[in-house]
Amino acid sequence: MKFGVFSVSMPEYGIEESVRLLKELGYDGVEWRVAEMPEKEPENVPFALRYWACNKSTLELRSIEAEAAKAKALCDEAGLEIFGLTTYLATNELEPLTRVFHAARSIGCRQVRVGLVPYNPAKSDAPYPVLFARMREDLKAIDALAAETGVKAVLEIHMDTLISSPSAAYRALEGFDPAHIGLIFDPGNMVNEGFEDYQKSFELLGDYIAHIHIKNGILAPDGEDELGACKWKRVWTPLKKGMADLKKLFAVARKAGYDGTSSIEDFSNDEATPDKLRENIAYLKALAASAQVPAPEQEESAFERLARPERSKP
């Protein structure tokens, strides 16, 4: 498996600095964040929101052709592969997506993220099944764009969107050619919403899995509501301190024959960026090594013991 970093994880570094840091730390590649940058850097941005509000490690969407060419030249010189161009564009934003796909083709980049279609029941103009059907219809045009350019479109399992679980992702992808449309598997997002067993997920999604995001988080107590019930909040953590079982993920990926790319997407705030990225690549290599060792047989679960018919007494 090849290890890279999704550049959203390096908000204080410009493009050149990002490339220099990743080369120094020994990563194989980079997944570039693509977005429209504000003309003026926002002020008083909370530290934990710097990843999205003022991220310097971003290719400007409005000039993506030139930005992609510049990033390609820098990465080639540093020996880094560009794993993908990762947008925040919804499936119905075909005009800007077309420009990103053509930019990706021009630099030999194999995939573009699309389809982070938000889902907020309080603000939606239609029920979830209707919104989902619209997205599936949009994907037909994206499938044609991917076929035309030879660049794969990748959706992502992401909380608060139409595809927040592996099963929902499969429903979105079913019937499309995995050579044209695939998926970013994200176990960190599944901590927040949509968790399903990794083995079951890989068996269901199969060749649709095109890339993996590596991050982690927890659900932490956050006071009580007016009835005294515990409330919970989402908290991003260092890779080793979250609820996603990354060791199991790597074992499942190896068993499934996945040997593609994965990107660090670390939103924790405990350490400086270079320090956590240095620790992260060491941890990923350790996880990959541990996945080479055959796992012991799993013990029978409590549910399986309860469900097993009682054997006749001798």
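Just so you know, these numbers use all the heavy atoms, side chains as well, and skip hydrogens, waters and symmetry mates.
Looking at R113 and T87, their side chains never bring a donor and an acceptor atom within 3.5 Å of each other. Between the side chains of S165 and E193, no donor N or O sits under 3.5 Å from an acceptor N or O. Checking R136 against T91 by side-chain atom types alone, no donor-acceptor pair falls below 3.5 Å. Side chains of E65 and H102: a donor-acceptor N/O pair is absent below 3.5 angstrom, by distance only. Judged by distance alone, the side chains of S7 and E31 never bring a donor and an acceptor atom under 3.5 Å apart. Neither side chain, D160 nor N120, offers a donor N or O lying under 3.5 Å from an acceptor on the other.
For residues 177-186, the salt bridge (charged side-chain N to carboxylate O under 4.0 Å, His left out) pairs, not counting sequence neighbours, are D186-K215.
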task = Show the numbers, then the answer: is there a side-chain contact (heavy atoms from CB on, under 4.5 Å) between Y119 and S164?
result = CA-CA 9 Å; Y119 176 65; S164 57; over 6 Å; no
inquiry  = Under the criterion salt bridge (charged side-chain N to carboxylate O under 4.0 Å, His left out), I'd like the reasoning laid out for R99 against E95: C-alpha separation, chi angles, the key distance, then a yes or no.
reply    = CA-CA 7 Å; R99 292 192 290 106; E95 188 278 326; 3.2 Å; yes
side-chain contact (heavy atoms from CB on, under 4.5 Å) between L173 and Y208, worked out = CA-CA 8 Å; L173 294 164; Y208 285 120; 3.8 Å; yes
inquiry  = Please determine whether salt bridge (charged side-chain N to carboxylate O under 4.0 Å, His left out) holds for the pair K248 and D197, giving the CA-CA distance in whole Å, both sets of side-chain angles, and the decisive distance to 0.1 Å.
reply    = CA-CA 10 Å; K248 182 176 182 180; D197 178 77; 3.0 Å; yes
Stepwise side-chain contact (heavy atoms from CB on, under 4.5 Å) check, T161 with V117 = CA-CA 5 Å; T161 71; V117 184; 5.5 Å; no
request  = List the steps and the verdict of side-chain contact (heavy atoms from CB on, under 4.5 Å) for L139 and D143.
outcome  = CA-CA 6 Å; L139 287 177; D143 178 70; 5.9 Å; no
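In this structure, F83 and H211 have perpendicular ring planes: the angle between them is above 60°, well past the 30° mark.
Rounded to the nearest 0.5 Å, atoms CD (E67) and CG (L85) are 11.0 Å apart. To the nearest 0.5 Å, the span separating CZ on R20 from CG on L25 amounts to 12.5 Å. Taken from OG1 in T261 to CD1 in I82, the straight-line distance is 12.5 Å, to the nearest 0.5 Å. Note that the CG atom of L205 and the CD atom of E174 stand 11.0 Å from one another [nearest 0.5 Å]. The distance from atom OG1 of T58 to atom CD of E36, rounded to the nearest 0.5 Å, is 12.0 Å. Note: E224 CD to E226 CD = 11.0 Å, rounded to the nearest 0.5 Å.
Ion pair E12/K56 not flagged as a salt bridge, since none of the NZ, NE, NH1 or NH2 atoms sits closer than 4.0 Å to an Asp/Glu carboxylate oxygen. Between E137 and K140, at least one side-chain nitrogen of the basic residue sits less than 4.0 Å from a carboxylate oxygen of the acidic one, meeting the salt-bridge criterion. The existence of a salt bridge linking E81 and K2 is confirmed by a sub-4.0 Å separation between a basic side-chain nitrogen and an acidic carboxylate oxygen. Salt-bridge formation is detected for the pair K70/E16: a Lys NZ or Arg NE/NH1/NH2 atom is positioned less than 4.0 Å from an Asp or Glu carboxylate oxygen. Salt-bridge formation is detected for the pair D125/R134: a Lys NZ or Arg NE/NH1/NH2 atom is positioned less than 4.0 Å from an Asp or Glu carboxylate oxygen.
Without hydrogens or angle criteria, K276 side chain to S268 main chain gives a donor-acceptor distance under 3.5 Å. Side chain of N189 to backbone of I157: a donor-acceptor contact under 3.5 angstrom is found. When atom types are taken as modelled, the side chain of R33 and the backbone of M10 share no donor-acceptor pair closer than 3.5 angstrom. Side-chain atoms of E156 never come within 3.5 Å of backbone atoms of H158 as a donor-acceptor pair (strictly under, hydrogens ignored). Formation of a donor-acceptor pair under 3.5 Å by the N216 side chain with backbone atoms of M243 is found in this model. A donor-acceptor contact shorter than 3.5 Å is absent between the side chain of Y283 and the backbone of K240. With hydrogens and angles ignored, the 3.5 Å screen pairs no side-chain donor or acceptor of S262 with any backbone N or O of F3. Checking side-chain atoms of Q111 against main-chain N and O of V154 turns up no donor-acceptor pair under 3.5 Å. Side-chain N or O atoms of S63 include none that pairs as donor or acceptor with a backbone N or O of A66 at under 3.5 Å. Between the T149 side chain and the F101 main chain, no donor and acceptor come within less than 3.5 Å of each other.
Nearest heavy atom pair, residue F132 against residue A172, reads CZ-N, 3.5 Å. Contact between A68 and I107 at its shortest, heavy atoms only, is O-CG2, 3.7 Å. Of all heavy-atom pairs spanning L22 and G29, the tightest one is CD1-O, 4.0 Å. Nearest approach of Y128 to L162, heavy atoms of both residues: OH-O, 2.6 Å. Between A71 and L59, the closest heavy-atom pair is CB-CD2, 4.1 Å. For the pair C75 and V19, the tightest heavy-atom approach, listed with the atom from each and the gap, is SG-CG2, 4.1 Å.
Between E271 and E279 the shortest side-chain heavy-atom distance falls below 4.5 Å. Between K241 and I218, the closest side-chain pair of non-hydrogen atoms is not below 4.5 Å. Residues P187 and L246 meet the side-chain proximity criterion, which asks for heavy atoms closer than 4.5 Å. Side-chain atoms of E24 and R278, non-hydrogen and from C-beta on, do get closer than 4.5 Å to each other. Inter-residue side-chain proximity for L80 and D28 is flagged as unmet; no heavy-atom pair is nearer than 4.5 Å. Counting heavy atoms from C-beta on, the side chains of L284 and F250 come closer than 4.5 Å. I64 has its side chain out of reach of E60: every pair of non-hydrogen atoms, C-beta onward, lies at least 4.5 Å apart. Looking at C109 and W32, their side chains never come closer than 4.5 Å, going by heavy atoms from C-beta outward.
Taking a 4.5 Å side-chain heavy-atom cut-off between Ile, Leu, Val, Met, Phe, Trp and Tyr, the cluster of V8 extends to F6, V45, L49, Y51, W52, Y88, L116, M159, W236, F267.
Under a hydrophobic clustering in which Ile, Leu, Val, Met, Phe, Trp and Tyr are joined whenever their side-chain heavy atoms come within less than 4.5 Å, directly or via other members, V112 and I184 fall into different clusters. V130 and I163 fall into different hydrophobic clusters, where Ile, Leu, Val, Met, Phe, Trp and Tyr side chains are chained together by heavy-atom contacts under 4.5 Å. Under the 4.5 Å side-chain heavy-atom criterion for Ile, Leu, Val, Met, Phe, Trp and Tyr, L145 and L155 are members of the same hydrophobic cluster. Under the 4.5 Å side-chain heavy-atom criterion for grouping Ile, Leu, Val, Met, Phe, Trp and Tyr, V191 is not connected to L249 through any hydrophobic cluster. Grouping the Ile, Leu, Val, Met, Phe, Trp and Tyr side chains by contacts below 4.5 angstrom, directly or via other members, places V235 apart from L239.
Under the 6.0 Å cut-off for aromatic ring centres, Y198 and F202 do not qualify, their centroids lying 6.0 Å or more apart.
For the side-chain hydrogen bond (donor to acceptor under 3.5 Å, both in side chains) with D266, the lone residue among T237, N280, T273 that qualifies is N280.
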